[in-house]
Number of protein chains: 2
Amino acid sequence: MARRSDHSRDEIREMALSAVEELVSKKGYEGLSARKVAAAIGYTVGTLYLVFENLDDLVVQVNARTLDRLNLQMMEAVGEIGDDRQRLMSLGQSYIRFAEEDPHLWEMVFKHRVPRNGQLPAWYQEKVSRMFAQVERCLKPIAGHKTPGEIAQAARALWGGVHGICILAVTGKLGGVGVESVPDLAESLLINYLDGFTGSRNP
Amino acid sequence: MARRSDHSRDEIREMALSAVEELVSKKGYEGLSARKVAAAIGYTVGTLYLVFENLDDLVVQVNARTLDRLNLQMMEAVGEIGDDRQRLMSLGQSYIRFAEEDPHLWEMVFKHRVPRNGQLPAWYQEKVSRMFAQVERCLKPIAGHKTPGEIAQAARALWGGVHGICILAVTGKLGGVGVESVPDLAESLLINYLDGFTGSRNP
DNA sequence: AAAATTAATTAAACAACGTTTAATTATGGG
DNA sequence: CCCATAATTAAACGTTGTTTAATTAATTTT
């Protein structure tokens, strides 16, 4: 059969993205394959290649959705009011919770390396930057008379740090320490860094 | 032909490990394949499977060697004398230099997820722990009256942090900031964290 | 309404992959 | 010299990403 038009191009796209999310979420990145995705949505690989450039393209687009969800969850967690330091803590714990709730999907965002050109699209970079922007926004009120450049640097150092702790925990490379202590480690990192950054110890 | 015995089992093992190192170093983890390794050492895949359990086993053993080299380089960098904080800085810069000099090989250590059982061998975990032990040793003299548990936590938080910054930089996800600023970011992380950890600002 | 065009979908092919199997072939001891 | 042993390979299997040509349904044209 052909030209069934049971689903529009966008519908197929949506179905494929969801199928990948479910597959990766359950079996991990290495359990993913074009044929499995196609079978899951009731089509053949050929149809998949009509909608997506290739499998890497499909993965990048799923990663984009994951980043969007992460950004949303962090935005909800940080809220508007409250102690500035406490808001940064919430931001960190929110990041960790996201990674714990769906480790495979979260891991794929950072495990995946683009194949040919080696450069991620600009709209993708923008989603990453949005995450750092949230940290910078929380950092600004307690940064004293630090320059914007210093704040940007602090945001990246801090969030790289939180991210690294998550990665090592998820891949079992924290040296005997399990996943359960990740929030404690991140809290230690945030508290001590902020103490140093602001030059004052918090109550 | 068969039973050439041109090389002993251990020699083939050594040749294979070196071949993987060269392949991954040049083409990255995704450019690796059993057949390429076999061809590089002048044998067939079958011989490879006589010496190694499977390709994952081969990768794990290469990762072990990479971790050994990393540990060695860090040990040389930290030295014995000098300011305690400065030694921690050297440790961090040494880690970063290692990741920059051979990003693909370094990345494979943390990208690779064991397949079936999902658990890394004990001797592998021990190599990871040795790295944290170096950090703890440097941390101890400036830790005041912190407990060993607190020092262990600080070491993991700090090194998770340095590692995360490296990962984000190598995978191009630092949000517009390039690899060149990694040392600065790590220095920011270390200085501010240590300021908070010791409760005193350094000169 | 029938025919011709267009486009969606598939089946089949390709090369490469990890891994296993059976068949070879060189070496050692009798 | 032959036989048993063990090293090595060739070939096979199932799966992978991707491309190709063929098929088929819907749309347009006559």
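FYI, side chains are in, hydrogens and waters are out, and symmetry mates aren't considered; it's all heavy atoms of this structure. The sequence lines fix the lettering, A, B, ..., with proteins before strands; numbering per chain opens at 1. Nothing here was measured: the structure is a model prediction, and the numbers come from that model.
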Enquirer: Mind calculating the distance between CZ (Phe52(A)) and P (dT18(D)) to the nearest angstrom?
Expert: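 Whole-Å distance recorded here is 13 Å.
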Enquirer: What's the CG-C1' distance between Leu55(B) and dA16(C), to the nearest Å?
Expert: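 Between C1' of dA16(C) and CG of Leu55(B): 14 Å.
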Enquirer: Is the closest basic N to carboxylate O distance between Arg69(A) and Glu21(A) below 4.0 Å?
Expert: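 Looking at Arg69(A) and Glu21(A), the cut-off is met.
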Enquirer: How many Å lie between CD on Glu30(A) and P on dT15(D), as a whole number?
Expert: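 Atom-to-atom, Glu30(A) to dT15(D), this comes out as 18 Å.
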Enquirer: For a quick test of reading the model, state the closest non-hydrogen atom pair linking Ala155(B) to Leu139(B) and the distance between them.
Expert: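 Distance-wise, the nearest heavy atoms are N-CD2, 3.6 Å.
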Enquirer: Rounded to the Å, how far apart are Asp56(A) CG and dT16(D) C1'?
Expert: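 So the two atoms are 13 Å apart, to the nearest Å.
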Enquirer: Could you check whether Thr47(B) gets within reach of a base, just the sugar-phosphate, or nothing at all, counting any heavy atom under 4.0 Å?
Expert: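 The answer is base, as Thr47(B) lies within the cut-off (heavy atoms under 4.0 Å) of a base atom.
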Enquirer: Less than 4.0 Å between a side-chain N and a carboxylate O, is that true for Lys111(B) and Glu30(B)?
Expert: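 The answer is yes: the pair qualifies as a salt bridge.
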Enquirer: Can you tell me how far the OG1 atom of Thr147(B) sits from the CD atom of Glu150(B), to the nearest 0.5 Å?
Expert: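 Thr147(B) OG1 to Glu150(B) CD: 3.5 Å, rounded to 0.5 Å.
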Enquirer: dA6(D) P sits how many Å from Asp6(B) CG, rounded?
Expert: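 Atom CG in Asp6(B) sits about 19 Å away from atom P in dA6(D).
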Enquirer: Would you say Thr44(A) reaches dT9(C)'s phosphate, i.e. side-chain N/O to OP1/OP2 under 4.0 Å?
Expert: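 Negative; the distance criterion is not met.
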Enquirer: Give one of base, sugar-phosphate or nothing for Leu48(B), where a contact means two heavy atoms less than 4.0 Å apart.
Expert: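 Leu48(B): no heavy atom of the nucleic acid under 4.0 Å.
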Enquirer: Starting from C1' on dG17(D), measure out to OH on Tyr29(A) and report it in whole angstrom.
Expert: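 From Tyr29(A) OH to dG17(D) C1': 12 Å.
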Enquirer: Separation of Arg35(A) atom CZ from dT9(C) atom P, in whole Å?
Expert: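 It is 19 Å, rounded to the nearest whole Å.
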Enquirer: Just how far is it from atom SG of Cys166(B) to atom CH2 of Trp159(B), taken to the nearest 0.5 Å?
Expert: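 If we round to the nearest 0.5 Å, Cys166(B):SG and Trp159(B):CH2 are 9.5 Å apart.
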Enquirer: Could you check His7(B) against Val45(B) and say which one's nearest nucleotide on DNA chain D is further toward the 5' end?
Expert: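 Closer to the 5' end of DNA chain D: His7(B).
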Enquirer: Take the protein atom OH of Tyr49(B) and the nucleotide atom P of dG18(C), then report the distance between them rounded to whole Å.
Expert: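 The distance from OH of Tyr49(B) to P of dG18(C) comes to 6 Å, rounded to the nearest Å.
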Enquirer: State which of dT19(C), dC17(C), dT18(D) makes the closest approach to the side chain of Asn54(A).
Expert: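 The answer is dT18(D), which lies nearest to the side chain.
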Enquirer: Examine dT8(D): is either OP1 or OP2 under 4.0 Å from a nitrogen or oxygen in the side chain of Tyr43(B)? Give yes or no.
Expert: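 Tyr43(B) to dT8(D) OP1/OP2: side-chain N or O found under 4.0 Å.
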